[in-house]
Amino acid sequence: MSTQDSIPALTADDHLILVDGSTFIFRAYHALPPLTRKPDGLPVGAVSGFCNMLWKLLQEGLTPEEGDEPTHFAVIFDHSSKTFRNTIYPEYKANRPDPPEDLVPQFGLIREATRAFSVPCVEQEGFEADDLIATYARQAAEQGAKVTIVSGDKDLMQLIGPKVGMIDTMKNKVFGEPEVFEKFGVGPDKVIEVQSLAGDSVDNVPGVPGIGLKTAALLINEFGDLESLLAQAETIKQNKRRENLIEFADQARVSRELVTLKQDVPVEVPVASLTVTDVDGAKAVGFLKAMGFSTLTKRVAEETGAEVDAVEPADFQVPGWDVPDHKGRMAERTEAASGAAAAAGEGAGTEGMMVPQTVAEARAETIRAIAVDSSAYETVTSVERLQEWCDAAIEKGYVAFDTETTSLDAMQADLVGLSLSTEPGQACYVPLAHVDGEGDLLGGGGLLPDQIPLKDAMEVLKPMLEDRSVLKIAQNLKYDWLVMTRYGIDIAPYDDTMLLSYTVDAGKGGNGMDELSERWLGHKPIPFKEVCGSGKSMITFDKVAIDRATAYAAEDADVTLRLWQILKPRLASDHMATVYETLERPMVPVLARMEKRGISVDRQMLSRLSGDFAQGMAGLESEIYELAGETFNIGSPKQLGEILFGKMGIPGGKKTKTGAWSTSAQVLEDLAAEGHELPSKIVAWRQLSKLKSTYSDALPGYINPETGRVHTSYALAATTTGRLSSSEPNLQNIPVRTEAGRKIRQAFIAEKGHKLVSADYSQIELRVLAHMADIPQLKKAFEDGLDIHAMTASEMFGTPIEGMDPMVRRQAKAINFGIIYGISAFGLANQLGISRGEAGDYIKTYFERFPGIKDYMETIKKQVHADGFVTTIFGRKAHYPEVNTKNPNHRAFYERAAINAPIQGSAADILRRAMVRMEERLSDAKLDAQMLLQVHDELIFEVPDAQVDATLPVIRDVMENACDPALKLTVPLQVDARAAGNWDEAH
DNA sequence: ACGGCCACTTA
DNA sequence: GTAAGTGGCCGTC
């Protein structure tokens, strides 16, 4: 090429940076918080991340050291989705979903951004960005220059070599040979071989079935490369592996072609022309101003000498973005600047004048810029230093804290240490009960030196942790609250980062600290299992060496503080402060106390039941073996399927997702109805087996040896809808349906001299629906105290409520439930055992009788597609980020979930309101009733015998009026409450 | 030892 | 058709 001759070649002094633009966009979009431009709501989160990274790289190179600045620089993009790889293998990247709607306009914007910073922007028809990067990297390296690829894409790792490095700026991670080895189990030169075997589900590279990265690395390390392996495949010992390697040899060869990057693309832009030129300040500032990135605008202006005020924001079209659609919402948001800066502590400088979104983003940007360095933390070993940390917390007015203990079960956990952080990057760990982890032989386990005596530490900490003017910030505070309360400390006031995240982002992903840290800080905290191990070899935290414990524990406090600074301002920007303050935060001590109280179970009774169940199972077992003509494992659906549909030749078996015979209760009951004897015995056996293993056998193991009671753990941030969940043990699914099951429930008993009171809302979800969808007939029926299912049947079929056929009522009941679940003809047909057509007719009739319900459903669907979330009557949000998927089945699923969420979630909100008020109302009435359990529409209390009559009305009153005064529900709520010696009779 | 699948339990 | 959690089996690590 003639141009190449006129430009000097690269030299050993040159440094070429190649930014993988396409993957950066996706990564930035998902990793960074969503951010929209102020005036029109144009999504610019990924653009912001990109500009910050680009500017940093241009300024500093890869390290802040001198001499590492790039001499050559380019951002490489994919041109279109079809490349030469699709000719080799049409399925390549075929299962890639379409990019999210709000990401599309950012593709063009990032190209604009690149040009605004005067950086070459390269893409080429028929080739992926990866191929261009491979080609440029090879050319530059051959000319002796240093090359750095900026990407997190593992597919580029094959390029790494002496001259070619790779860095993931989003995760602040440098990839060299050791990192490649860690990821693929081989060096960069063998990455292709491993990938061709392991395949890649994301890119739809097939590989060889049954071979993952681990096995692939093993094989390549043994045989050298793919072809040698395939040539010697016969010698592989493992049957399945050998067969697959032989059968799928050609598939592996195709895979190898797919993953091999093309290093000889006839590039249209020569590598030597990718030189760095000075940033044109006015041009860059114009772009940044147009985007509304105030922090970066200022920084770039300072560095380039451009006058911010003198530059007009750049004007350009953004394809795929409709401005008018978003104006209304944005205008509303702008008004809500209220106290967002104060919300997160130090509201410094200009923040007070910014809108909440901008505060939140500016905060995130600043915090991300401070590196998390787990070697920089302090181990506090003296009372004096601890006092200084507490003073610092009091001075600041807030402190992040975290406890380290001997157990994940807060009810059995002993305090081992505690960490504090008052500003990002600064944190300490206070070891209190670490013991010698090594010398078991010499009776190790002695308390290690240089630890503050527990009692002295608590004396220093207590005033600060209980100080009303110091906000304590924790991740999943309920745990720490339970631990600290046993040491006589009542933490207040507090914030919980897990609940903050749940409040603003429910449905977008988990709310655990590690996940939040990666999502918001781009930082992966030290995993617990790297400190304590896992499984059988797991050690308790008191055996962890103190320096290691400091790195882990102080990092948790550091990360928690950062998350708080990022998430707290979002309460204002997202209008979620009331939800957090009335439905989330106050639940922490309420649930903690319920967990602490626990509930009594009758151990003897459960043990007897286990015996009874075992006997019943044994009887059924022999009958089953007799009928089957052989013994087999009844608990194995696979073996059972072979007996029923293979050996016995019964036809009509359904398939499960994995293609195996379905042996679900539904299938077995259908077979029983056809006159087969075996299936119903299997169903009966399975029920007994479940009752025995999950309940009568397992529950006694949860009895706490100190309290003699069972303490469940409630998760506040586990569901998308706002419901709680219960685990270890799950006390929200204790049997009630069958006689045998109710025996389990009878084992939940009141303390001597007490009764259990169960108070449950009647039809709360249908009432909520009647209110939200504003259905006159339903509301009237609830006001008149009618049988709602009978009334539904009467409306639909015109039959009088008096003397109604129970089967007709049953059908109406199924439809009512179906409505709550986002009805489909398929589901209703399944439930009622009728045809899809009949079910469709029922639904049609229902919608004709209750047109408001149909309107409600359509409105919800529109909302979720437009906003990505739906809301409950109290403003809780449930997000469905994938609802706009093209897959019709998935789409319909998310739509049903979105229809259900406001109904289920509003009911959950009402329960939460009742729970938050309950304790005070009881104590005001001088009642000693204790709230023990919550089961979605039911609360269980333990009440002194003498107070039962006085307590019931109070409980009912609180529950029935739980919406007051925030909201006037247009249907009455009805609560039924009863007292008895055990849960079954109270229910 | 761990994870996916299937089955069962609840509201 | 919605929302959850647990236990046994069974294949992979």
Side-chain angles (χ1 to χ4, degrees), chain A residues 210-215 218 238 240-241 507 529 533-538 633-641 656-668 682-683 685-695 697-699 702 712-715 718-738 740-741 744-745 760-761 763-765 814-832 836 839 843 857 878 889 892-905 907-908 911 933-938 987:
Chain A
I211 296 189
L213 278 179
K214 292 278 153 58
T215 313
L218 202 77
Q238 294 87 340
K240 197 76 201 158
R241 194 175 290 178
K529 65 173 195 290
S534 66
K536 237 180 83 171
S537 57
M538 186 161 82
N633 186 343
I634 304 172
S636 162
K638 188 161 167 263
Q639 293 183 32
L640 175 64
T656 67
K657 239 189 295 199
T658 49
W661 294 115
S662 167
T663 64
S664 67
Q666 185 61 60
V667 167
L668 297 182
I682 302 285
V683 171
W685 182 91
R686 278 188 185 158
Q687 285 178 346
L688 289 179
S689 164
K690 179 69 177 179
L691 293 176
K692 182 170 187 291
S693 66
T694 307
Y695 302 105
D697 284 354
L699 279 173
Y702 285 104
T712 184
S713 174
Y714 287 106
T719 71
T720 304
T721 56
R723 273 192 179 180
L724 305 179
S725 77
S726 154
S727 63
E728 294 182 305
N730 180 353
L731 296 186
Q732 291 181 322
N733 70 350
I734 299 303
V736 71
R737 230 174 64 259
T738 63
I744 302 281
R745 206 167 261 239
D760 67 297
Y761 284 102
Q763 308 285 6
I764 186 168
E765 293 190 346
I815 293 171
N816 277 334
F817 273 97
I819 295 294
I820 290 170
Y821 298 155
I823 202 144
S824 75
F826 181 85
L828 184 64
N830 259 347
Q831 180 67 32
L832 288 175
R836 291 248 316 252
I843 295 171
M857 289 185 170
N889 286 331
F893 170 76
Y894 291 120
E895 287 173 351
R896 287 194 300 272
I899 288 169
N900 174 252
I903 306 172
Q904 190 184 109
L911 255 290
L933 304 177
Q934 190 254 38
V935 193
H936 308 310
D937 67 355
E938 176 188 13
H987 184 71

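Throughout, a chain's letter reflects where its sequence line sits, starting with A, and its residues are numbered from 1.
- Residue A:A898 is classed as having no contact, given no heavy-atom separation below 4.0 Å to the nucleic acid.
- Protein atom OH of A:Y821 is 9 Å distant from nucleotide atom C1' of C:dG1, rounded to whole Å.
- Put simply, CZ on A:F826 is 9 Å from C1' on C:dG1, counting in whole angstrom units.
- The backbone N or O of A:S713 lies less than 3.5 Å from no partner atom in the side chain of A:E728, so there is not a single donor-acceptor pair.
- Using a 4.0 Å heavy-atom criterion, one finds that A:Q831 contacts the bases of the nucleic acid, with or without backbone contacts as well.
- For the pair A:T721 and C:dA3, the criterion of a side-chain N or O lying under 4.0 Å from OP1 or OP2 is not met.
- With a heavy-atom cut-off of 4.0 Å to chain A, the contacted part of DNA chain B has its first and last nucleotide at B:dA1 to B:dA11.
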Next on the checklist: side chain to side chain contact (heavy atoms under 4.5 Å, CB included), that's the test. Do A:L699 and A:L731 meet it? Break it down for me.
Outcome noted: CA-CA 10 Å; A:L699 279 173; A:L731 296 186; 4.3 Å; yes

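- A:L731 has its CG atom 10 Å from the P atom of C:dT6, to the nearest Å.
- No donor-acceptor distance shorter than 3.5 angstrom exists from the side chain of A:R836 to the backbone of A:A825, with no hydrogens or angles considered.
- At the heavy-atom level, A:L828 lies under 4.0 Å from base atoms of the strands shown.
- At a threshold of 4.0 angstrom between heavy atoms, the contacts of A:L691 with the nucleic acid are absent.
- For the residue pair A:E938 / A:H987, a side-chain donor-acceptor distance below 3.5 Å is found, with atom types taken as modelled.
- The distance from atom CZ of A:R896 to atom P of C:dA3 is 9 Å, rounded to the nearest whole Å.
- A:A715 comes within 4.0 angstrom of no nucleic acid atom, judged by non-hydrogen atoms across all strands.
- A donor-acceptor contact shorter than 3.5 Å links the side chain of A:Y714 to the backbone of A:Q934.
- When heavy atoms are screened at a 4.0 angstrom cut-off, A:F817 is found touching no nucleic acid atom at all.
- Atom NE2 of A:H936 and atom P of C:dG5 are 9 Å apart (whole Å).
- What separates CD of A:Q732 from P of C:dA4 is a distance of 11 Å, to the nearest Å.
- Taking A:T712 as the reference, A:S726 meet the side-chain hydrogen bond (donor to acceptor under 3.5 Å, both in side chains) condition, with sequence neighbours excluded.
- In this structure, CG in A:D937 is found 9.5 Å from CD in A:Q763, a value given to the nearest 0.5 Å.
- To the nearest 0.5 Å, atoms CD1 (A:I823) and CD1 (A:I899) are separated by 10.0 Å.
- A donor-acceptor pair is defined here as one N or O able to donate and one able to accept, closer than 3.5 Å; such a pair exists between the side chain of A:S693 and the backbone of A:S689.
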Which pairs, protein N/O on one side and nucleotides 7-9 of chain C N/O on the other, fall under 3.5 Å?
residue, atom, partner, partner atom, Å
C:dC9, OP1, A:N633, ND2, 3.1

